[in-house]
Amino acid sequence: MTLKQEFIRGLHNLRAEHHGNVVTIGSFDGVHLGHQAILQQVKKQAEELRLPSVAMIFEPQPHEFFAGDKAPARLMRLGEKVHALFDQGIDRVFCLPFNSALSQLSADDFIKKVLIDGLGTRYLVVGDDFRFGAGRAGDYSRLESAGEDNGFAVTDTQSFLIGGERVSSTRIRELLQQNDFTEAARLLGKPYTISGRVVKGNQLGRELGAPTANVHLHRYRSPLSGVFCVKVALSSGDHAQGVANVGVRPTLGGSAKPILEVHLFERNDDLYGQEIFVEFVHRLREEQRFDGLEQLKQQIQRDIKQARLFFSK
């Protein structure tokens, strides 16, 4: 069964043709190997039942709604996550805005309005520790009971282990903080990257001798902070090496949310509007505040020299 992949945002955008699905629910931050195992389970069941596969996500993620900027840094922005879910072969990504109304929806109302009336769920795949509804009152046994009453099956997922340790977004965040990009890539199934569209900055990079491609990260916090050696893929198909800063630019007065600034070696073309994919391979130093632009300029040149040396090895 081949369907056109579709992103659906909000209950109000569900149509009659969206009824009848094999569904899984989660944050899917990072779409790591554990998530991929769940998605393959969903795909297999969808193929057997000849039904569409659906991954239900929330935006913001529930812990972000409740904790705001105190929430753990997300590994992916929404657009990256949707593309990663489609890359795993999921037919539909259904995104529910997580707001005050949804947070107060009872577990039974969530089952009725979302799973039954909205998606027409025929088969549901969730972890046996999955909690939902106001006060996290809903659990796996309530889903099983609702499934028996309303004609949909419920099955749980097994924790995905590598080296005896559960693969999780939390573990990957810890590895990135420890600058262990090799192990993070092993749990993700691919190198950790941040992607986004290049936006106009204040053009200061050119004055500092290092023009940069700037990407807004669209998140409260980044799982990475500092200066890094990076490999960059451009939407044009080209590849480049460079040095990147992830942070709030304290020397330039600071910004409320982190920004990714990438200086590419051997390139000086206009990248505005292009999407770039930045792979982090080595951390050079922490982000720091300098006393003035001249000090910052000198450090940037040292960073570039170090990064070139790293890639020449």
Side-chain angles (χ1 to χ4, degrees), residues 24-39 55-85 88 93 95-100 102-103 126-136 157 159-163 165-196 215-228 244-250 254-260 278-280 283 286-287:
T24 186
I25 307 171
S27 289
F28 295 107
D29 191 23
V31 191
H32 53 60
L33 290 181
H35 295 143
Q36 291 173 34
I38 294 168
L39 297 169
M56 185 194 302
I57 60 175
F58 304 94
E59 186 66 24
Q61 296 173 158
H63 60 262
E64 290 173 332
F65 173 80
F66 291 111
D69 60 3
K70 301 293 191 295
R74 63 162 60 194
L75 298 172
M76 285 178 160
R77 60 183 172 82
L78 176 62
E80 292 174 300
K81 185 187 300 186
V82 171
H83 284 302
L85 290 167
Q88 290 298 311
V93 177
C95 179
L96 270 181
F98 201 95
N99 51 29
S100 180
L102 186 62
S103 73
V126 293
D128 57 11
D129 59 349
F130 178 65
R131 305 298 293 243
F132 63 100
R136 293 168 52 87
T157 61
S159 289
F160 190 84
L161 305 178
I162 288 183
E165 191 165 2
R166 180 172 173 266
V167 177
S168 70
S169 302
T170 299
R171 176 67 182 136
I172 292 165
R173 283 187 206 100
E174 290 170 352
L175 290 167
L176 293 176
Q177 286 291 313
Q178 296 160 11
N179 310 308
D180 191 343
F181 300 113
T182 301
E183 184 64 10
R186 195 163 76 101
L187 302 192
L188 285 163
K190 58 184 178 182
Y192 180 68
T193 63
I194 292 177
S195 67
V215 175
H216 291 304
L217 298 183
H218 300 290
R219 62 195 91 187
Y220 290 115
R221 296 163 59 201
S222 168
L224 293 172
S225 177
V227 179
F228 301 87
N245 183 83
V246 183
V248 295
R249 305 191 291 185
S255 59
K257 292 185 178 180
I259 296 172
L260 168 63
V278 182
E279 175 189 338
F280 295 83
R283 189 172 191 261
E286 294 180 359
E287 186 180 41

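These values consider heavy atoms only, across backbone and side chains, with no hydrogens, waters or symmetry-generated copies. Note that the numbering runs from 1 along the sequence shown for the chain.
- With contacts defined as side-chain heavy-atom distances shorter than 4.5 Å, the pair Leu102/Phe65 does not qualify.
- The side-chain heavy atoms of Ser103 and Phe98, taken from C-beta on, include a pair separated by under 4.5 Å.
- Here the closest heavy-atom approach between residue Ala73 and residue Arg173 is recorded as O-NE, 2.5 Å.
- Distance alone, capped at 3.5 Å, is enough to place a donor-acceptor pair between the Arg131 side chain and the Arg136 backbone.
- Leu78 contributes atom CG, which lies 9.5 Å from atom NE2 of His83 (distance to the nearest 0.5 angstrom).
- Using a 4.5 Å cut-off on side-chain heavy atoms (C-beta onward), Phe28 and Leu85 make contact.
- Under the 3.5 Å distance criterion, the side-chain polar atoms of Ser168 are matched with a main-chain donor or acceptor of Arg171.
- Between the CD atom of Glu183 and the CD atom of Glu174 there is a distance of 12.0 Å, given to the nearest 0.5 Å.
- Formation of a donor-acceptor pair under 3.5 Å by the His35 side chain with backbone atoms of His32 is found in this model.
- A donor-acceptor pair under 3.5 Å is absent between the side-chain atoms of Glu287 and the main chain of Asn245, judged by distance alone.
- Taking the six-membered ring for Trp and thresholds of 30 and 60 degrees, His218 and His216 have ring planes more than 60 degrees apart, a perpendicular arrangement.
- From Arg221, atom CZ reaches atom NZ of Lys70 across 9.0 Å, with rounding to the nearest 0.5 Å.
- Glu80 and Thr193 get closest at one heavy-atom pair: OE2-O, 4.1 Å.
- When Leu217, Ile259, Val215 are each tested for a side chain to side chain contact (heavy atoms under 4.5 Å, CB included) with Val246, only one passes: Leu217.
- In terms of modelled atom types and a separation under 3.5 Å, the side chain of Asp29 and the main chain of Leu75 share a donor-acceptor contact.
- Judged as a side-chain hydrogen bond (donor to acceptor under 3.5 Å, both in side chains), and not counting sequence neighbours, the contacts of Glu64 are Arg74.
- Residues Ala184 and Ile172 approach most closely at CB-CG2, 4.4 Å, considering heavy atoms.
- Phe181 has its side chain within reach of Leu224: a pair of non-hydrogen atoms, C-beta onward, lies under 4.5 Å apart.
- The two residues Phe58 and Pro62 have their closest heavy-atom pair at CB-CD, 3.9 Å.
- With hydrogens and angles disregarded, no donor-acceptor distance shorter than 3.5 Å links the side chain of Arg283 to the backbone of Leu176.
- Ala55 and Leu39 get closest at one heavy-atom pair: CB-CD2, 4.4 Å.
- Atom-to-atom distance recorded for Ser195:OG and Met76:CE is 8.0 Å, nearest 0.5 angstrom.
- You'll find the side chain of Phe280 stays beyond 4.5 Å of the side chain of Asn179, heavy atoms only.
- When side chains are defined from C-beta on, Leu175 does not count as touching Tyr192, because their heavy atoms never get closer than 4.5 Å.
- Within the 4.5 Å cutoff, the side chain of Thr157 has no heavy atoms near those of the Thr24 side chain.
- Gln36 contributes a side-chain N or O that, together with a main-chain N or O of Leu188, makes up a donor-acceptor pair within less than 3.5 Å.
- Taking every heavy atom of both residues into account, His63 and Pro72 meet most closely at CD2-CD, 3.7 Å.
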